[in-house]
Amino acid sequence: MPRTALTSPTATAVGPYSHGIAAGPYIFCSGQTPIDPATGELLTGGVRAQTDQCFDHLFGVLEQAGLGPEHVVKVNVYLTDMADFAEMNAAYEARFDDPFPARTTIAVAGLPLDARVEIELVAERPPA
């Protein structure tokens with residue numbers, strides 16, 4: 001199955017990977033950290049602001065594929081501190097409508113650039 005790379009106009013890759021890959025009906029978005037597109041630096045502020053920035057990057061990838069948040073079927077969230085769960089969850093809830101995508105939230109020892117959150121997702125194109 002061929003792969004088609006997708007990019008976000010706001011995200012910066014910090015390694016050799018694509019922001020997203022279209023493969024068949026699915027869009028697989030790489031994990032995004034909260035890099036501020038204006039400065040190229042990690043966004044300062046709380047986990048709510050960092051979560052919103054991650055979703056801005058991810059939804060930019062989906063937009064390149066002609067999709068939106070309503071097409072997301074699975075989200076993986078990585079937090080460096082589970083004490084940030086409620087703040088992340090509030091930002092997450094504001095980005096999606098019911099029924100919400102399936103989700104896994106995992107506590108990790110560290111993330112690139114000392115981010116407090118990283119998010120990846122999978123979306124599906126609607127049948128033709």
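Residues take their numbers from the sequence shown, with the count starting at 1. Here the structure is a predicted model, which means the values were calculated and not measured.
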Item to complete: Take Met88 and Leu79 through the side chain to side chain contact (heavy atoms under 4.5 Å, CB included) test and state the conclusion after the steps.
Response: CA-CA 9 Å; Met88 176 281 299; Leu79 293 172; 4.2 Å; yes
Discussion item. If you apply the rule side chain to side chain donor-acceptor pair (under 3.5 Å), what do you find for Thr10 with His57, and how did you get there?
Written reply: CA-CA 6 Å; Thr10 62; His57 296 324; 2.7 Å; yes
Worksheet item: Where do Val122 and Ile27 land on the side chain to side chain contact (heavy atoms under 4.5 Å, CB included) test, with the steps shown first?
Response: CA-CA 6 Å; Val122 178; Ile27 306 300; over 6 Å; no
Discussion item. If you apply the rule side chain to side chain contact (heavy atoms under 4.5 Å, CB included), what do you find for Thr44 with Gln50, and how did you get there?
Written reply: CA-CA 8 Å; Thr44 57; Gln50 287 198 1; over 6 Å; no
Item to complete: Take Val77 and Ile106 through the test side chain to side chain contact (heavy atoms under 4.5 Å, CB included) and record every step on the way to the result.
Response: CA-CA 6 Å; Val77 178; Ile106 300 169; over 6 Å; no
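You'll find the ring centres of Phe100 and Phe96 outside the 6.0 Å limit.
Counting only residues at least two apart or on different chains, the side-chain hydrogen bond (donor to acceptor under 3.5 Å, both in side chains) pairs with a member in residues 112-128 are Asn76-Glu120, Tyr78-Glu120, Asp84-Arg116. Sorted by first and then second residue, the side-chain hydrogen bond (donor to acceptor under 3.5 Å, both in side chains) pairs with a member in residues 13-25 form an empty list; sequence neighbours excluded.
Here the CD1 atom belonging to Ile21 is positioned 10.0 Å from the SG atom belonging to Cys29, to the nearest 0.5 angstrom. A distance of 11.5 Å separates CZ of Arg95 from CG of Leu121, quoted to the nearest 0.5 Å. Distance check: Glu63 CD to Asp56 CG gives 11.0 Å after rounding to the nearest 0.5 Å.
One hydrophobic cluster, built from ILVMFWY side chains closer than 4.5 Å, holds both Phe28 and Val73. Cluster annotation: Met82 is connected to Val47 through the hydrophobic network of ILVMFWY side chains, with a link wherever side-chain heavy atoms come within less than 4.5 Å. Residues Leu43 and Tyr92 fall into different hydrophobic clusters, defined by Ile, Leu, Val, Met, Phe, Trp and Tyr side chains chained together at heavy-atom separations under 4.5 Å. Hydrophobic clustering (side-chain heavy atoms under 4.5 Å, transitive across Ile, Leu, Val, Met, Phe, Trp, Tyr) keeps Phe59 apart from Ile35.
In this structure, the side chain of Gln32 does not engage the main chain of Cys54 through any donor-acceptor pair within 3.5 Å.
Residues meeting the side-chain hydrogen bond (donor to acceptor under 3.5 Å, both in side chains) test with Arg103, sequence neighbours left out: Asn89, Thr105.
Atom CD of Glu70 sits in a crowded spot, with more than 12 heavy atoms from other residues, nucleotides or ligands closer than 6.0 Å.
Taking both residues in full, the closest heavy atoms of Leu58 and Ser30 are given as CD2-O, 3.6 Å, listed atom of the first, atom of the second, then distance. Taking both residues in full, the closest heavy atoms of Ala115 and Leu42 are given as CB-CD1, 3.7 Å, listed atom of the first, atom of the second, then distance.
Side-chain contact between Ser8 and Val61: present, with at least one pair of heavy atoms (C-beta onward) separated by less than 4.5 Å.
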